[in-house]
Amino acid sequence: MPLMMTKKEEQTGVPILELQRQRMLLQMEYEEEKKAFMQQKEAIGIRRLVSRGDAWLPVRIGRSYYNSLNQLCVEVFRTSTDEDTDHNFEFGRPVLFFKIAANAIGSPSSQGGGGITSFFGGTVSFVDGDRMVVSVPDSAPLADLQVSDGQIGVQLFFDETSYRLMFEALERTMRAKGRLGYLRDLFYSNMRAETFSFPDMGFPYLNKTQEHAVNEVLRAKDVAVVHGPPGTGKTTTLVEAIYETLRRESQVLVCAQSNMAVDWISEKLVDRGLNVLRIGNPTRVDDKMLSFTYERRFEAHPDYPQLWAIRKAIRELRSQRKRSDQWHQKMDRLKSRATELEIRINAELFGEARVIACTLVGSANRLLDGMKFGTLFIDEAAQALEAACWIPIRRAGRVIFAGDHCQLPPTVKCYEALKGGLGRTLMERIASGKPEVVTLLRVQYRMHEDIMRFSSDWFYHNQMMAAPEVKNRSILDLDLPITWIDTAEYEGKEEFIGESFGRINKTEALLTLLSLQAYFELIGKERILAERVDVGIISPYRAQVQYLRSQIRKREFFKPFRHSISVNTVDGFQGQERDVIVISLVRSNDEGQIGFLRDLRRMNVAITRARMKLIILGDRPTLTRHPFYKKLWEYVEGLRVHNS
C-alpha cells in the first residue's frame, strides 16, 4: 500500500517531476538538433548552408592577434557578398573552419560534402557586417588557413555549450536548497508569491498601467511579470522599473535570450544614465554600444597596458624550449602578477557597474562566478526556453519577467518536444498559474486603432486601447488602415524551392511589389522622401524574402526608396515597426495546407508592426479554412464595407 504524501512533500515532488520532464524534452531537442546538424553537414551541401546564412564561402583571412581577454583571435572577411543573404553568425556562437579542394568546387561532390576538409573550431567574438573576429585555441594551426589549393570557408557549428549549461541549470535547480529551491517550488506550485505593502508611487511620464507595473515590480518579493503587447512601451516600463529598483539595491542583473534584445535594453538603460556593463559583444557595432562592453572597458583601464606587457612576456617565455628552475620561477611570478592585475581591474569594473547585462547563457560566464543579485530582470522572457532561464535565476533573490507570450515563441526544432510542451516558457507558466503577479500594459502607442483592434480581440481579450495620438494616424486621408488582396484571383501557386529549402510564390511576390508601387504612387514620391515614410515587407518564408529582395533591386521604380524599404522574415521584424507593412503569406494550394502559418503568435507579430497601413497578400480559399485567417478576412472586409 503506497504511503500518503504530506502537502509539503507533494509540493516539493511536483517541481522536481516538472524539471525532470523539462530535462527529458530538452534531451529530445538536443538529439534532434544534433542529428539534423550532422546530416546537414554530410548531405545538405555547403552551397545551401551559404544560402541560408549558416556559412561564409569563400572567406579571406586577416590578421591574428591576442585580444584584451588574452584570447587568440583571427579576423575573417566574407568576400562573396550576396545582398539577399543575411547571416546567422553572432557573438558566442561556435564555428568551424573548412576547406573545399579546388577540384571539388562547383562539382556535384561539393553539394554533398565530398572534397571538404575540416580544420579547427572557434567561437565568434565579434561580427560587423562582412567582418568577423573568431577566438580560437592557442594551439590552432592558423597557417592551414593560408592554403591556396582551394577555398577556405567558415560555418556555424553545433552549439554543445548552450545545451550543457541548460542541462546543468536544470540539475542544479532540482538539487537546490535555500533561495533557488524556494523559487523552484514557488514557480511549479500554487503557492502564493509574497509581496511588500506600500502605497503607489507616481511616475508622471508613464501611463496608468505602466505606472502600476513599476509599482508591482517594486512590491514583489519573489516574482512579477510585465506583459507587454505590441507598442505598449514594455521597454520604457522595464527601464523605469530597473531605475527604481536601483534606488533600493546596489546592482541588478539584466538578461535576455538574444544578444539583440540585451543590446536594446542596455542602450535604453545607458540613455537613462545608468552605468551598464555588457558581458559579450553587441550585435550592432558603434561607439556608443561598444563603450559599455566589458572588453572595451577592460582595455580602457589604466592598469591594462601593464597587464598586456606581462601577458606578452608570458607568451615569449612559453616559446622558449629550455625550461630550467629559473624559467619556472619566472613564469610563476609573471602569472601571479597577471592574475593579481586582472582581479583588480575586474573588481573595479564590476564595483562601478549598477547593471550587469548579458544573455541568459552568458550569465554562466566565469566573470560572474560567486556573484549574487537581489533582482534579476529577464527581458523577452517569452522567447526563452525554461531551462535557459534557470541559468541566471540561481544568482538572484527575485525574478522579474517581461515579454509577451502572444508574440514569438522560443525556437523548438523537435516536433515531439514541442508537442510535449518544451515551447511553453517559464514566463507563460507563471502568468497562467499566478495571474495575480501579472500586469498587462494596455495602452499602445504604435498603431492606428483599426490595425490594433483585431490583435486585441484575438490575443488580449479585447483589453487593448490606442493612445489618442495614434488612434487615427494615417498617411492618406480616408485611407483604409488594412487591406487584404486575395491572390487566388491571379492563380499564383506556391512552389517548393530545394536549394534554399523553402516555399516561394512568384506571382504573389510580383503582386506584392505592384501593390506597394500603387500605394507609393498614391502618396507621391516627393512626400515619401520628404517625410521619410518607411516600409517593411514581411514574409514568413525565407525563400520568399530572398526572392522579394532580388526583385526590388531589379525594379527601377523602387530605386529612390531602397533605403526606406526593408524585407525580412517575421522573426527579423520582432521588436520593430514601420509606417507601412506589406505581408506576403505565400501559401496557395488546393488542400488548404498552411504549414507553420498555423503558429498564430508569429502572425500577431507580423500584423502589429504597422503604424498606419497594413497590406496583406494571401490566397483566401487556402488560408480561410483556418479560423484565425477566416476571422481576419471577415474583419478586413467589415472595415472595407463600413468605410465605403
Side-chain angles (χ1 to χ4, degrees), residues 8 11-12 15 173 176-228 232-256 265 268-269 272-275 353-357 363 371-379 381-382 389-390 392-404 426-443:
K8 190 171 181 190
Q11 281 186 335
T12 309
T173 307
K177 304 275 190 275
R179 189 63 186 167
L180 181 59
Y182 170 80
L183 290 174
R184 172 200 65 208
D185 294 346
L186 175 71
F187 292 174
Y188 292 102
S189 71
N190 49 22
M191 283 166 59
R192 275 191 79 82
E194 292 189 16
T195 56
F196 295 103
S197 180
F198 55 78
D200 275 358
M201 292 171 61
F203 304 101
Y205 34 85
L206 298 181
N207 67 44
K208 289 297 173 199
T209 54
Q210 291 172 334
E211 195 173 86
H212 179 62
V214 173
N215 278 295
E216 289 301 292
V217 166
L218 297 176
R219 285 194 190 102
K221 275 188 187 176
D222 303 322
V223 64
V225 175
V226 179
H227 183 185
T232 53
K234 171 185 65 74
T235 304
T236 303
T237 308
L238 194 58
V239 165
E240 206 50 47
I242 292 167
Y243 186 85
E244 286 299 321
T245 299
L246 285 168
R247 287 173 179 260
R248 297 153 177 78
E249 298 171 21
S250 60
Q251 199 172 56
V252 297
L253 180 60
V254 176
C255 294
I265 188 76
K268 297 300 172 194
L269 289 165
R272 191 71 176 85
L274 293 171
N275 185 328
R354 303 297 311 279
V355 177
I356 308 297
S363 69
M371 291 186 73
K372 295 283 183 191
F373 300 86
T375 308
L376 161 67
F377 290 87
I378 302 181
D379 194 13
C389 290
W390 285 110
I393 290 175
R394 66 174 164 141
R395 301 193 185 282
R398 65 182 194 133
V399 190
I400 312 301
F401 296 91
D404 180 11
L426 195 52
M427 174 178 156
E428 206 173 338
R429 182 189 291 278
I430 292 164
S432 62
K434 302 186 194 310
E436 69 279 4
V437 307
V438 182
T439 307
L440 176 70
L441 304 179
R442 298 170 194 267
V443 183

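- The closest side-chain heavy-atom distance from Leu183 to Val223 is not below 4.5 Å.
- Taking all atoms of both residues into account, the shortest heavy-atom contact from Leu206 to Thr236 is CD2-CG2, 4.0 Å.
- Between Trp390 and Phe187, the ring planes are tilted. Angles from 30° to 60° get that label.
- The backbone N or O of Arg354 lies less than 3.5 Å from no partner atom in the side chain of Asn275, so there is not a single donor-acceptor pair.
- Applying the salt bridge (charged side-chain N to carboxylate O under 4.0 Å, His left out) test to Arg429 and every residue at least two apart in sequence or in another chain returns Glu18, Glu386.
- Phe377 places none of its side-chain heavy atoms less than 4.5 Å from the side chain of Val355.
- Side-chain contact between Thr439 and Val226 is absent, with no heavy-atom pair separated by less than 4.5 Å.
- In this structure, the side chains of Ile393 and Leu426 come closer than 4.5 Å at one or more pairs of heavy atoms.
- No side-chain donor-acceptor contact under 3.5 Å links Lys372 to the backbone of Gly397.
- When every heavy atom of Val438 is checked against every heavy atom of Ala431, the shortest pair comes out as CG2-CA, 3.6 Å.
- The backbone N or O of Leu218 sits nowhere less than 3.5 Å from a side-chain atom of Glu244 that would complete a donor-acceptor pair.
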- For the pair Glu249 and Phe373, evaluate side-chain contact (heavy atoms from CB on, under 4.5 Å) and give the outcome as yes or no after the intermediate values. CA-CA 9 Å; Glu249 298 171 21; Phe373 300 86; over 6 Å; no

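- For the pair Arg394 and Thr173, the minimum side-chain heavy-atom distance is 4.5 Å or more.
- Closest non-hydrogen pair, Asp185 versus Pro15, comes out as OD1-CG, 3.6 Å.
- Between His227 and Asp404 there is a side-chain heavy-atom pair separated by less than 4.5 Å.
- Side-chain contact check for Lys234 versus Asp379: some heavy-atom pair is nearer than 4.5 Å.
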- Query: So Lys268 and Arg272, side-chain contact (heavy atoms from CB on, under 4.5 Å) or not? Walk me through it.
  - Reply: CA-CA 6 Å; Lys268 297 300 172 194; Arg272 191 71 176 85; over 6 Å; no

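- Using a distance-only test at 3.5 Å, with no hydrogens or angles considered, a donor-acceptor pair links the side chain of Arg395 to the main chain of Ser363.
- In terms of modelled atom types and a separation under 3.5 Å, the side chain of Lys434 and the main chain of Leu186 share a donor-acceptor contact.
- Annotation for Tyr243: atom OH does not count as buried by contact number, only 12 or fewer foreign heavy atoms lying within 6.0 Å.
- The closest donor-acceptor contact from the side chain of Arg179 to the backbone of Arg398 lies at 3.5 Å or more, if one exists at all.
- In this structure, Ile378 and Phe401 have side chains that are in contact, with non-hydrogen atoms separated by less than 4.5 Å.
- In terms of modelled atom types and a separation under 3.5 Å, the side chain of Gln210 and the main chain of Thr232 share a donor-acceptor contact.
- Partners of Glu194 under the side chain to side chain donor-acceptor pair (under 3.5 Å) rule, at least two apart in sequence or in another chain, do not exist in this structure.
- Identified under the salt bridge (Lys or Arg N to Asp or Glu O under 4.0 Å) test for residues 200-209, with sequence neighbours left out: Asp200-Arg219, Lys208-Glu211.
- Considering all non-hydrogen atoms of both residues, Cys389 and Pro392 come closest at O-CD, 3.0 Å.
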